[in-house]
A.B. asks: 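I have a structure I would like to understand better, so I am pasting it below and will then ask my questions one at a time.
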Amino acid sequence: MDRLRSHYSIEVNEEDYEKNIFLAGWIEDIRNIGSIAFIIIRDRMGTFQITVLKKNDPDIFEKLVTISRESVISVYGLCKRSDKARNGYEIIPKDIEILSIAKTPLPLGVVDKVESDLDTRLDNRFIDLRKKEIQAIFKIRNSIIQAVHEYLRSEKFVEVHTPNIIASSSEGGTDVFKLKYFEKEAFLAQSPQLYKQSLMATGLDRVYEIAWYFRAEEHNTSRHLNESTAVDVEMAFINSEEEVMKILEKLVYKMWEKAKENKIELEVLNKEIHLPSFPFKRITYDNAIDELNNENINIKWGEDLGSDEEKALGKIMKKEGHDFYFITKYPIEAKPFYTMYDNKYSRGFDLECNGVELASGSQRIHDVEMLEKRIKDCNLSLKGFDFYLKAFRYGIPPHGGFGFGIERFLMELLDIKNIRECILFPRDRTRLVP
RNA sequence: GCCCCGGUAGUGUAGUGGCCUAUCAUCCGAGCCUGUCGAGCUCGGGACUCGGGUUCAAAUCCCGGCUGGGGCGCCA
C-alpha cells in the first residue's frame, strides 16, 4: 500500500463516501458472524468499522477474523455510507496491511467488561493509555499546560529551565533524593525555589517553569507522588503578595476555562466543568481559625492546618459559595524560611480548593540579613545556601511567587481520586517501573 | 517515620479448616451463525504470592519474606 493513513476515523465525512481511503489503528474488536464480519478499529480520534463478506473477499476475511485484538493494521478500502455502522460509514476493504501483531492474551483488556486494579493498569500503562477515558485525562492535561504558557507569556513571563541536579538540599523540611555526581554528592531538586529566586537578581523580572519536583518522603497516599510536576512562578518589583495572588488566580481561572473547551474528552469522562467565581475569596489565617473554632474544631495558633482542618474549612467555604479561596497571613512558623513577614505574620498564602491545597506562595525576603537570620532561626546551615545568598548581595528587587502542583490541580478539575491517574508514569513509594 | 488492610487463571472475583478434582464473569482456543455494535449459542483451556509451622486434613489458622493498597504526619 502506498500510504498507511489518509484520515482519522472521525475526520471521514460525506465527501469521502464512495471513495477509497486509508485508515489505520488498533483492532479493538472482531465480530465474526459467519459469512460476514465486523472489525472495529480504534485510532487517536475514535473508532470505525470495517465490514467484510466472506464470499466477496475470502482472503481478506480470513486475515481479519484470525488476527489478534490490539494488533495494528492499515486498511485501504471503499468508504460506504451506512446507517447501521458507527459514524455513519463503513469501510469495505480492498487491501489490508498488518503492521504489528499483538500477543495473546493481553495483560490488560482495553475494552473488556472487567475492571482492572490501578496497579495492573500502571504495570501495563501503554495499554491502559489506549483507553479513551485514560487518554482524555492527558489530552486535558495538555490543554491546561497550553493555557499556562499562553497566559503567563501574555503577562510577560519568560519560561526558564533550572537544574534538577543540585549540590545542596534546597529548602530544608522535606527529604531529598541523594545521588552520586562523579566524585561529589548531589541531590535531586525538591523544587526550583532557590533558582527562580536567584533569577530575580538578573533583570528577567518575571519567570516561570514547568518544573519537576522530587521528594523522598515515604508517604503512601492517593495524593502524593515522589516525582511530580508544577507550575513555578516568580515575579519581581512587587509591593505585596497580593500581586502574586492576582496572577495565580487568573492563571487558575484560565486553566479551568481552557479545560472546559475539551468537550469530547469531558464527555468521555462524564464530567462537567463549572467555572469558579472570580476573583477568589481571601481569608486570613486568623479568620480561618475563628471559623473553625465556631465549628468546634480547635487548633493552636501558629500551627499549619492539618488535613481534617483543611477539609472542614473547605466545607465552610463551599457553603459560602467559594470553591477556591486563599488562606493568607499565615504565622511565620508555618512557612518556609524565605517567606517575607511582618512581625509574627508571614506574607505567605495557600490556594485551596475544596479543602485541598493546590498552591502555595508568598512575597519573599529580599534583604540578605533578614534572610540569613531566618535561615539560622529555622536551624538550617548557612553553608548550603552560599550561591543563593550571593544573589541577594548585589541588588535584588522585592519579589514573590508560587508553586502549583499540576497533578493535584487535575485531581480537583476532573474529580480524580488517585493522583497516580494524573501522571503518565507515576513514581510513588514503591513504583519505579515503568 | 507511624498505623491499618490485602495477595486465588491473562484480567476481575467467589470461597474463613474436610462439601475444592476451587465459583462466576471476562479472556484465550475450536465450532455454528449475512448486519454485529456489551453480538449470541455449543465445547474446551487456564489460578490458590513464596518459605516454614500447626493439624488426620490448609486457598482457609500461625510466623517470616516478597509484594500491593489505604490513612496519618509532611507537603504540591
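Predicted model, so just to flag it, every value in this text is computed and none were measured. So you know, we letter chains A, B, ... as the sequences are listed, proteins then strands, and number each from 1.
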A.B. asks: Say we look at rG70(B) and rA30(B): how far apart would their C1' atoms be, to the nearest angstrom?
C.D. replies: 44 Å

A.B. asks: Going by the ring pair (Phe, Tyr, Trp, His ring centres under 6.0 Å) test, name the single residue among Phe349(A), Tyr345(A), Tyr330(A) that passes it with Tyr285(A).
C.D. replies: Tyr330(A)

A.B. asks: Please state how far atom CG in Asp428(A) lies from atom P in rG71(B), giving the value in whole angstrom units.
C.D. replies: 12 Å

A.B. asks: What nucleic acid atoms does Arg69(A) come within less than 4.0 Å of, heavy atoms only: base, sugar-phosphate, or nothing?
C.D. replies: sugar-phosphate

A.B. asks: Starting at atom CG of Asp350(A), determine the distance to atom C1' of rC74(B), rounded to an integer number of angstrom.
C.D. replies: 13 Å

A.B. asks: Please round to the nearest 0.5 Å and tell me the distance separating atom CZ of Phe326(A) and atom NZ of Lys246(A).
C.D. replies: 10.0 Å

A.B. asks: If we take the C1' atom in both rG68(B) and rG29(B), what is their distance in whole Å?
C.D. replies: 32 Å

A.B. asks: For RNA chain B, whose closest nucleotide is more 5', that of Gly405(A) or that of Gly109(A)?
C.D. replies: Gly109(A)

A.B. asks: Counting the atoms with a prime plus P, OP1 and OP2 as sugar-phosphate, which does Glu357(A) contact under 4.0 Å by heavy atoms, base, sugar-phosphate, or nothing?
C.D. replies: sugar-phosphate

A.B. asks: Closest approach to the side chain of Ser228(A), judged atom by atom: which nucleotide of rA76(B), rU11(B), rC74(B) is it?
C.D. replies: rA76(B)

A.B. asks: Please state the P separation for the pair rU67(B) and rU26(B) - nearest whole angstrom.
C.D. replies: 34 Å

A.B. asks: Run Phe387(A) and Tyr195(A) through ring pair (Phe, Tyr, Trp, His ring centres under 6.0 Å) and show every step you take.
C.D. replies: CA-CA 9 Å; Phe387(A) 97 92; Tyr195(A) 284 92; 4.9 Å; yes

A.B. asks: What is the distance, rounded to the nearest whole Å, between atom CD of Glu217(A) and atom P of rC75(B)?
C.D. replies: 8 Å

A.B. asks: Hey, does the side chain of Arg86(A) reach the backbone of Thr47(A) with a donor-acceptor pair shorter than 3.5 angstrom?
C.D. replies: no

A.B. asks: Report, as yes or no, whether the 6.0 Å neighbourhood of atom NZ on Lys80(A) holds more than 12 heavy atoms from other residues, nucleotides or ligands.
C.D. replies: no

A.B. asks: Expressed in whole Å, how much space separates the C1' atoms belonging to rG73(B) and rU16(B)?
C.D. replies: 35 Å

A.B. asks: Have a look at Arg347(A) and tell me which of Met340(A), Arg364(A), Lys335(A), Glu242(A) forms a side chain to side chain contact (heavy atoms under 4.5 Å, CB included) with it.
C.D. replies: Met340(A)

A.B. asks: Both Ala230(A) and Arg431(A) contact RNA chain B. Taking the nearest nucleotide for each, which residue is further toward the 5' end?
C.D. replies: Arg431(A)

A.B. asks: Only stems of 3 or more consecutive Watson-Crick or G-U pairs count here, both distances under 3.5 Å; name the ones for RNA chain B, or none.
C.D. replies: B:1-7 with B:66-72, B:10-12 with B:24-26, B:27-32 with B:40-45, B:49-53 with B:61-65

A.B. asks: Using atom P in both nucleotides, what's the gap between rU13(B) and rU49(B) to the nearest angstrom?
C.D. replies: 14 Å

A.B. asks: Produce a footprint string for nucleotides 29-43 of chain B: one letter per nucleotide, 5' end first; B if the base is under 4.0 Å from any protein heavy atom, S if only the sugar-phosphate is, - if neither.
C.D. replies: ----BBBBBBB----

A.B. asks: Taking N and O atoms by type only, does the side chain of Arg215(A) place a donor or acceptor under 3.5 Å from a partner on the base of rA76(B)?
C.D. replies: yes

A.B. asks: For rC72(B), take OP1 and OP2 only and decide whether either is under 4.0 Å from a side-chain N or O of Thr221(A).
C.D. replies: no

A.B. asks: For rG38(B) and rC74(B), measure between their P atoms and round to the nearest Å.
C.D. replies: 50 Å

A.B. asks: Any donor-acceptor pair under 3.5 Å joining the side chain of His224(A) to the base of rC74(B)?
C.D. replies: yes

A.B. asks: Yes or no on ring pair (Phe, Tyr, Trp, His ring centres under 6.0 Å) for Phe337(A) and Phe385(A), after CA distance, side-chain angles and deciding distance?
C.D. replies: CA-CA 12 Å; Phe337(A) 70 85; Phe385(A) 294 101; 5.1 Å; yes

A.B. asks: Is the count of non-hydrogen atoms from other residues, nucleotides or ligands lying under 6.0 Å from Arg44(A) atom CZ greater than 12?
C.D. replies: no

A.B. asks: Which listed nucleotide (rG69(B), rC27(B), rA76(B)) is nearest to the side chain of Pro105(A)?
C.D. replies: rC27(B)

A.B. asks: In whole angstrom, what separates Ile419(A)'s CD1 from rG70(B)'s C1'?
C.D. replies: 15 Å

A.B. asks: For Lys335(A), which contact category applies under a 4.0 Å heavy-atom criterion: base, sugar-phosphate, or nothing?
C.D. replies: nothing

A.B. asks: Expressed as a whole number of Å, how far does the P atom of rG53(B) sit from that of rA58(B)?
C.D. replies: 12 Å

A.B. asks: Measuring to OP1 and OP2 of rC72(B), would you say a side-chain N or O of Arg223(A) lies under 4.0 angstrom away?
C.D. replies: yes

A.B. asks: Which whole number of Å gives the distance between the P atom of rC20(B) and that of rA59(B)?
C.D. replies: 13 Å

A.B. asks: Can you tell me if the side-chain N/O atoms of Thr120(A) get under 4.0 Å from OP1 or OP2 in rU11(B)?
C.D. replies: no

A.B. asks: Could you state the atom-to-atom distance from CD of Glu309(A) to P of rC72(B) in whole Å?
C.D. replies: 11 Å

A.B. asks: Could you go through Phe409(A) and Trp256(A), starting from their C-alpha distance and side-chain angles, then the distance that decides it, and tell me whether this counts as ring pair (Phe, Tyr, Trp, His ring centres under 6.0 Å)?
C.D. replies: CA-CA 10 Å; Phe409(A) 178 83; Trp256(A) 216 261; 5.3 Å; yes

A.B. asks: Pick base, sugar-phosphate or nothing for Arg420(A), based on heavy-atom distances below 4.0 Å to the nucleic acid.
C.D. replies: sugar-phosphate

A.B. asks: So, Lys260(A) side chain and Ile273(A) main chain: donor-acceptor pair closer than 3.5 Å or not?
C.D. replies: yes

A.B. asks: Across the strands shown, which category fits Asn418(A) at heavy-atom distances under 4.0 angstrom: base, sugar-phosphate, nothing?
C.D. replies: sugar-phosphate

A.B. asks: How are the rings of Phe324(A) and Phe280(A) set to each other: parallel, tilted or perpendicular (split at 30° and 60°)?
C.D. replies: parallel

A.B. asks: How is Leu118(A) classified with respect to the nucleic acid when contacts are heavy atoms under 4.0 Å: base, sugar-phosphate, or nothing?
C.D. replies: nothing

A.B. asks: To the nearest 0.5 Å, what is the distance between CG on Leu225(A) and CZ on Arg408(A)?
C.D. replies: 8.5 Å

